> 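Here you go, one structure.
Computed from a predicted structure; not experimentally measured. Along the sequence shown, the residues carry numbers beginning at 1.
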Amino acid sequence: MKLGIFGGTFNPVHLGHLLIAEDAAEAFKLDRVVFVPSATPPHKRPRVLAPAAHRVRMVKLAIQGNSRFTCSDIEVRRGGPSYSVETLRHLRAAMPRAQFYFIIGTDSLRELHRWKEAPDLVKLCEFICLTRPGERVARCRLRGARVRRLTGHPTDVSSTDIRNRLARGATIRYLVPDAVRRYIERHRLYR
Ligand code: ATP
C-alpha cells in the first residue's frame, strides 16, 4: 500500500490542491491520498483562519467522488499546533506495512529542516515535492530526506488569493469546486 499524505491548512481547499494530489497519485502510483487539515498551522499565521471543522468539511466536499482521496481529521481532533511527525507516527502505527509519501510544496520543503523532530520525520516517509509555476526548484537542507520531484499542472491558485477575493466580494468560481464555493457562501466564510 502506497499512501500519500497531504498536509495543509486548506483555508480553504482549492483546485491547486486537488491537482497536486491527483498528479502525485498518478505519477507515483499511490493507492490513496489522505488530506490532513491542520488544527493550528505551526509555520504560518494567516490573518483569517476558518474554524477547523469548516476546513475539514470543505476538504470532504472537495474530494467527494474520488475513490483514491480521503480526509483525516486526526490533527484537528488532536488540537493545538499540528506537527507532521506526530501525524506520521500515528498513521504508521495504524498501518505498519504502508509506504508513506508526504506531499509538500517547495515553500514547505525549504523550511523542512525547521520542522519539529525533522531528522525523525525523514525516516518515516519520502517526500513528493511539487514546484509551483515560476518557482525555482527548492533545495532541501535536511540531511537524509528522500525527495522526489514532480512538475504537475501549473496552477497559480492559492488560499490567500481566494480569501482576498472573498473579502472584496470577487468571484471564486472555478478556483474551488462548486460544492466548496456554495459551502463558503452558505456559511459566510472569509467575509
Ligand atoms: P496560503 O495561500 O494560505 O498560504 P496555500 O494555497 O499555500 O495557502 P496550503 O493549505 O498551505 O495552501 O497548502 C498545502 C500545500 O499545498 C503546501 O505545501 C503548498 O505549498 C501546496 N500548494 C498550495 N497551492 C499550490 C499550487 N497552486 N501549486 C503547487 N502547490 C501548492
Side-chain angles (χ1 to χ4, degrees), residues 2-21 24-25 30 32-63 68-96 98-130 132 138 140-142 144-147 157-163 176 180 183-184 187 189-190:
K2 291 170 86 176
L3 216 66
I5 306 296
F6 191 17
T9 322
F10 302 118
N11 183 36
V13 62
H14 55 69
L15 288 186
H17 296 132
L18 297 169
L19 280 170
I20 298 169
L30 306 178
R32 283 272 150 75
V33 177
V34 188
F35 288 63
V36 189
S38 55
T40 313
H43 303 287
K44 51 182 169 190
R45 296 263 164 274
R47 223 160 28 88
V48 183
L49 180 65
H54 280 313
R55 290 183 286 112
V56 169
R57 266 184 248 134
M58 288 191 281
V59 168
K60 288 186 174 165
L61 286 173
I63 64 177
R68 257 196 304 204
F69 289 179
T70 58
C71 174
S72 164
D73 61 358
I74 163 181
E75 294 193 351
V76 168
R77 275 189 283 118
R78 200 165 59 220
S82 300
Y83 296 112
S84 302
V85 68
E86 287 166 13
T87 304
L88 254 297
R89 278 192 191 122
H90 181 102
L91 291 170
R92 275 191 78 119
M95 285 168 279
Q99 272 175 279
F100 289 89
Y101 294 83
F102 201 96
I103 302 168
I104 53 174
T106 39
D107 46 352
S108 311
L109 188 72
R110 248 182 234 117
E111 296 297 314
L112 200 61
H113 58 287
R114 292 188 222 271
W115 287 20
K116 187 180 178 211
E117 297 177 50
D120 283 351
L121 175 66
V122 302
K123 291 186 198 132
L124 297 171
C125 61
E126 294 186 36
F127 293 88
I128 297 176
C129 176
L130 229 125
R132 282 169 118 130
C140 178
R141 290 205 241 159
L142 192 62
R146 292 161 290 165
V147 183
V157 187
S158 71
S159 301
T160 305
D161 179 44
I162 289 165
R163 293 193 302 274
V176 301
V180 173
Y183 186 94
I184 289 173
H187 295 275
L189 301 178
Y190 310 109

> Can you find a heavy atom in the side chain of Pro37 that is under 4.5 Å from one in the side chain of Asp73?
no

> Could you grab the distance from atom NE2 of His17 to atom CZ of Phe69, nearest 0.5 Å is fine?
12.0 Å

> List the atom of Arg55, the atom of Thr9, and the distance in Å for their closest heavy-atom pair.
NH1-O, 2.9 Å

> Which distance, rounded to the nearest 0.5 Å, do you find between the NE2 of His14 and the CG of Leu19?
10.0 Å

> Between Val180 and Met58, what is the shortest heavy-atom contact and its length?
CG2-O, 3.5 Å

> What is the minimum heavy-atom distance between Ser38 and Glu75, and which atoms define it?
CA-OE1, 3.2 Å

> Kindly indicate, with the supporting measurements, whether the criterion side-chain contact (heavy atoms from CB on, under 4.5 Å) is fulfilled by Arg68 and Leu30.
CA-CA 8 Å; Arg68 257 196 304 204; Leu30 306 178; 5.8 Å; no

> Once rounded to the nearest 0.5 Å, what's the spacing between atom CD of Glu126 and atom NZ of Lys2?
8.5 Å

> What's the shortest heavy-atom distance between Pro12 and Tyr190, and which atoms?
N-OH, 3.3 Å

> Does the side chain of Val56 reach to within under 4.5 Å of the side chain of Cys71, using non-hydrogen atoms?
yes

> Would you say CZ of Arg141 has more than 12 non-hydrogen atoms from neighbouring residues, nucleotides or ligands within 6.0 angstrom?
no

> Quick check: do Arg163 and Asn11 have side-chain heavy atoms less than 4.5 Å from each other?
yes

> I want to check something: taking the side chain as every heavy atom from C-beta on, are Leu189 and Tyr183 in contact at a cut-off of under 4.5 Å?
yes

> If I take atom CZ from residue Phe35 and atom CD1 from residue Ile103, how far apart are they, to the nearest 0.5 angstrom?
7.5 Å

> Measuring from atom CD of Gln99 to atom CG of Leu124, what distance do you get when rounded to the nearest 0.5 angstrom?
13.5 Å

> May I ask you to test the Val13-Val176 pair for a side-chain heavy-atom distance under 4.5 Å?
no

> Got Ile5 and Cys125 here, is their nearest side-chain heavy-atom distance under 4.5 Å?
no

> Just do the side-chain contact (heavy atoms from CB on, under 4.5 Å) check on Arg32 and Met95 with the steps written out, would you?
CA-CA 13 Å; Arg32 283 272 150 75; Met95 285 168 279; over 6 Å; no

> Could you give the distance from CG (Leu109) to CD (Glu111), rounded to the nearest 0.5 Å?
10.0 Å

> Between Leu91 and Leu3, is any pair of side-chain heavy atoms under 4.5 Å apart?
no

> Below 4.5 Å, heavy atoms only, C-beta onward: do Leu121 and Phe127 meet side chain to side chain?
yes

> Closest approach of Cys140 and Ala145, non-hydrogen atoms and distance?
SG-CB, 3.9 Å

> Which heavy atom of Tyr83 sits nearest to which heavy atom of Arg78, and what is that distance?
O-NH2, 3.4 Å

> Without swapping roles, check the side chain of Ser82 against the backbone of Ala39 for a donor-acceptor pair under 3.5 Å.
yes

